[in-house]
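Read the structure below first, then the notes.
Throughout, protein chains are lettered first and strands after them, A, B, ... in sequence-line order, and every chain is numbered starting at 1.
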Amino acid sequence: MKINAPKGTRDILPGEIAGWQHVERVFADVCARYGYQEIRIPTFEQTDLFERGVGDTTDIVQKEMYTFEDKGGRSMSLRPEGTAGVVRSFLENGMASLPSPVRLYYNITAFRYENVQKGRYREFHQFGVEAFGAQGPAIDAELISMLDLYFKSLGLEKTSLRINSIGCPQCRGEYQQKLKAFLEPHLSELCGNCQERFNKNPLRIIDCKEDQCQAITADAPTQLDHLCPDCQIHFDGLKDQLDALALDYTIDPRIVRGLDYYTRTVFEFISDHVGTQGTICGGGRYDGLIAEVGGPQTPGIGFALGVERLLMELEAQSVPLLAARPITLYLAYLGGGEMAARSICYRLRKKGIRVDTDLMNRSLKAQMKFAGKSGAEFIMVLGEDEIESGQASLRSLARREVETIVRLDDLAALLLDIQDMPAEQQDQVINHYSL
RNA sequence: GUGGGAUUAGCUCAGUUGGUUAGAGUGCCAGAUUGUGGCUCUGGAGGUCGUGGGUUCGAUUCCCAUAUCCCACCCCA
């Protein structure tokens with residue numbers, strides 16, 4: 001029986017790992033510059049946490065969670081997102097008593113039982129950030145500027161930011177009444193889904209992509225026009241903050257977001273290269289979530305970024321990613337040189353040099369071939385003559401003509417100098433060691 | 001949960017109007033007078049033609065089911 005990777009999962013192979021490591025490194029670096037610290041949380045939690053945190057009316061919790069009973073009869077779920085677990089950890093570890101705001105970031109896999117398509121997997125990767133304890137819009141703008149800096153650091157130029165405010169529970173309730181009153185006369189013209197949404201979650205109707213629904217909701221009242229004074233002040237403040245940072249944004253009253261916990265500020269970074277799954281990054285404020293999970297009333301805000309989608313966007317925009325670092329030296333050997341070659345190889349590796357050598361007893365010709373395909377920068381052949389004289393020829397594999405006789409005793413120092421150096425600068429160093 | 005397309009060698013794909021030992025390119029291993037790679041030539045390994053049923057003298061080919069992949073609805077990152 002043939003065993004495949006489970007539907008919706010995939011292997012990240014050595015050939016593509018460089019891109020992943022690159023976006024991870026740059027993300028960690030940007031987070032550090034903003035004073036965000038990494039947190040690592042469990043892959044599964046008590047199901048109850050997600051029901052309360054993500055919202056038990058959401059599709060994510062109702063239809064898409066990997067839920068199982070453990071051997072103690074407890075209901076557990078694989079995390080469908082990161083925020084709930086981080087909030088749980090924040091409370092459990094007394095982080096509320098740390099100086100505010102508490103700023104955390106994470107790099108996780110998350111799991112949702114959905115049908116797979118472009119940019120959507122059952123196991124997927126998210127980078128995320130959560131900040132607790134800051135009330136005003138400055139932190140909203142900080143998160144957005146962080147993402148802007150991150151995208152720019154990666155070389156991703158064409159990202160579009162959309163922001164909206166979905167108000168607080170008070171003004172949202174009033175707005176929902178107005179929205180329903182507006183939609184009521186058109187109820188029969190809405191698509192089937194939206195007719196169901198009318199009672200369950202009318203907000204989602206203005207997010208519907210069906211043409212007939214968009215036509216009806218085009219003139220619908222927006223939450224943005226019905227914010228309470230406090231929410232309005234917050235949203236105006238956010239715009240001032242973004243203007244001060246010279247960040248471009250579009251106000252999109254149709255952004256709703258499918259997680260129950262959002263309040264006030266919501267935002268998305270959109271791509272048009274990821275099929276219909278265009279949201280690379282989504283986030284917002286969740287001032288009620290911490291209390292909902294059982295903690296004190298604490299404001300919070302965060303975002304999550306889809307790593308697979310980010311990588312697709314980078315590829316679509318032809319952004320060069322850091323390549324894997326090649327082997328610096330391939331150490332080939334002939335019969336009598338084998339043990340000396342092994343010993344030198346180990347010594348070089350201890351010094352931090354990337355070295356490869358043959359383990360298959362191959363002919364010299366085969367070793368050369370292998371070295372050439374391995375992408376190694378330099379090659380050296382060790383036989384009895386070289387061991388005896390303590391000298392050997394160091395040759396560039398990419399630039400055949402570059403060949404220099406050097407002392408084996410100097411080899412470590414030489415390679416350490418030229419490792420990771422641009423090719424055109426290497427020659428000078430090599431000449432310095434030349435006999 | 002619902003649709004459309006696909007599945008043949010490690011990878012990219014031909015092919016068979018149903019008929020003996022199923023092909024190419026590429027990759028892998030080896031060799032081309034036992035000390036210097038990328039080109040070329042030769043040889044080799046590698047496939048129960050996604051899986052399970054059915055029709056048939058005979059199925060990789062036709063039919064049904066199922067799994068997986070890709071795309072879309074929905075939802076989200």
Side-chain angles (χ1 to χ4, degrees), chain A residues 1-10 13 15 54-55 57-65 79-83 108-128 147 191-194 196-197 201 204 207-210 255-259 262 266 268-271 274-284 302-313 330 332-337 358 360-376 378-386 392-400 403:
Chain A
M1 177 178 153
K2 193 178 171 190
I3 298 180
N4 297 316
K7 186 185 181 84
T9 69
R10 54 185 230 98
L13 301 170
V54 179
T57 64
T58 59
D59 279 3
I60 292 177
V61 167
Q62 283 194 334
K63 300 193 295 202
E64 300 174 358
M65 276 211 297
R79 59 186 174 210
E81 54 101 59
T83 303
I108 61 168
T109 53
F111 306 85
R112 291 181 200 170
Y113 194 88
E114 298 183 277
N115 265 342
V116 175
Q117 62 184 286
K118 193 175 182 65
R120 201 176 72 181
Y121 306 97
R122 289 184 174 179
E123 181 186 29
F124 59 101
H125 295 72
Q126 285 190 332
F127 297 158
L147 284 161
C191 72
N193 272 323
C194 284
E196 279 180 41
R197 287 174 181 145
N201 193 352
R204 288 225 68 93
D207 194 35
C208 183
K209 279 121 196 155
E210 293 288 334
I255 298 180
V256 171
R257 318 239 11 100
L259 285 79
Y262 287 114
V266 291
E268 292 179 347
F269 281 86
I270 310 288
S271 147
V274 194
T276 50
Q277 316 300 317
T279 306
I280 293 182
C281 176
F303 66 73
L305 190 154
V307 184
E308 285 85 357
R309 292 180 186 180
L310 172 67
L311 288 166
M312 277 184 210
E313 182 66 14
Y330 191 90
Y333 60 84
L334 290 151
D358 177 65
M360 315 258 294
N361 259 314
R362 277 190 271 232
S363 68
L364 181 63
K365 187 161 189 161
Q367 291 183 56
M368 292 297 295
K369 234 178 209 176
F370 185 89
K373 284 173 186 168
S374 76
F378 292 90
I379 186 158
M380 175 174 274
V381 179
L382 292 182
E384 284 162 26
D385 296 351
E386 284 81 3
S393 162
L394 181 71
R395 215 178 89 195
S396 163
L397 277 160
R399 300 165 295 143
R400 308 186 68 141
E403 184 166 2

For C28(B), take OP1 and OP2 only and decide whether either is under 4.0 Å from a side-chain N or O of Lys369(A). no
Under 3.5 Å side-chain donor-acceptor pair for Ser271(A) and Glu313(A): yes
Could you write nucleotides 65-70 of chain B as a row of B, S and -, 5' to 3', where a protein heavy atom under 4.0 Å of any base atom gives B, of only sugar-phosphate atoms gives S, and otherwise -? ---SSS
base_contact_polar (G35(B) base, Gln367(A) side chain, donor-acceptor, <3.5 Å): no
Is the NZ or CZ atom of Arg395(A) positioned over Phe378(A)'s six-membered ring, under 6.0 angstrom from the centre and within 45° of the axis? no
Tell me, please, which residues at least two apart from Glu64(A) pass salt bridge (Lys or Arg N to Asp or Glu O under 4.0 Å). none
Rounded to whole angstrom units, what separation is found between the CZ atom of Arg395(A) and the C1' atom of G37(B)? 7 Å
Measure the distance from CZ on Arg399(A) to P on G37(B) and round it to the nearest whole Å. 18 Å
Report the nucleotide, chosen from U36(B), A32(B), C74(B), that has the shortest atom-to-atom distance to any side-chain atom of Asp59(A). C74(B)
Measure from CG on Leu397(A) to P on C39(B) and round the result to the nearest Å. 14 Å
With nearest nucleotides of RNA chain B determined for Asp385(A) and His125(A) from heavy-atom distances, which residue corresponds to the more 5′ nucleotide? Asp385(A)
Remember a base hit wins even if backbone is also touched, and classify Ala304(A) as base, sugar-phosphate or nothing at under 4.0 Å, heavy atoms. sugar-phosphate
The side-chain contact (heavy atoms from CB on, under 4.5 Å) partner of Gln126(A) among Thr109(A), Ile108(A), Val307(A) is Ile108(A)
Return yes if some donor-acceptor pair links the side-chain N/O of Arg120(A) with the main-chain N/O of Asn115(A) below 3.5 Å, else return no. yes
Given G37(B), C28(B), U2(B), which nucleotide is nearest the side-chain atoms of Lys373(A)? C28(B)
Find out whether the Lys NZ or Arg CZ of Arg122(A) is both under 6.0 angstrom from the six-membered ring centre of Tyr113(A) and within 45° of the ring's axis. yes
Stems field, RNA chain B, Watson-Crick or wobble, 3.5 Å, at least 3 pairs, by first number, holds B:1-7 with B:67-73, B:10-13 with B:23-26, B:28-32 with B:40-44, B:50-54 with B:62-66
Would you mind classifying the nucleic acid contact of Glu403(A) as base, sugar-phosphate or nothing, using non-hydrogen atoms under 4.0 angstrom? nothing
Of the nucleotides U36(B), C73(B), A30(B), which one has an atom closest to the side chain of Arg362(A)? A30(B)
Tell me: CD of Glu384(A) to C1' of G35(B), nearest whole Å? 11 Å
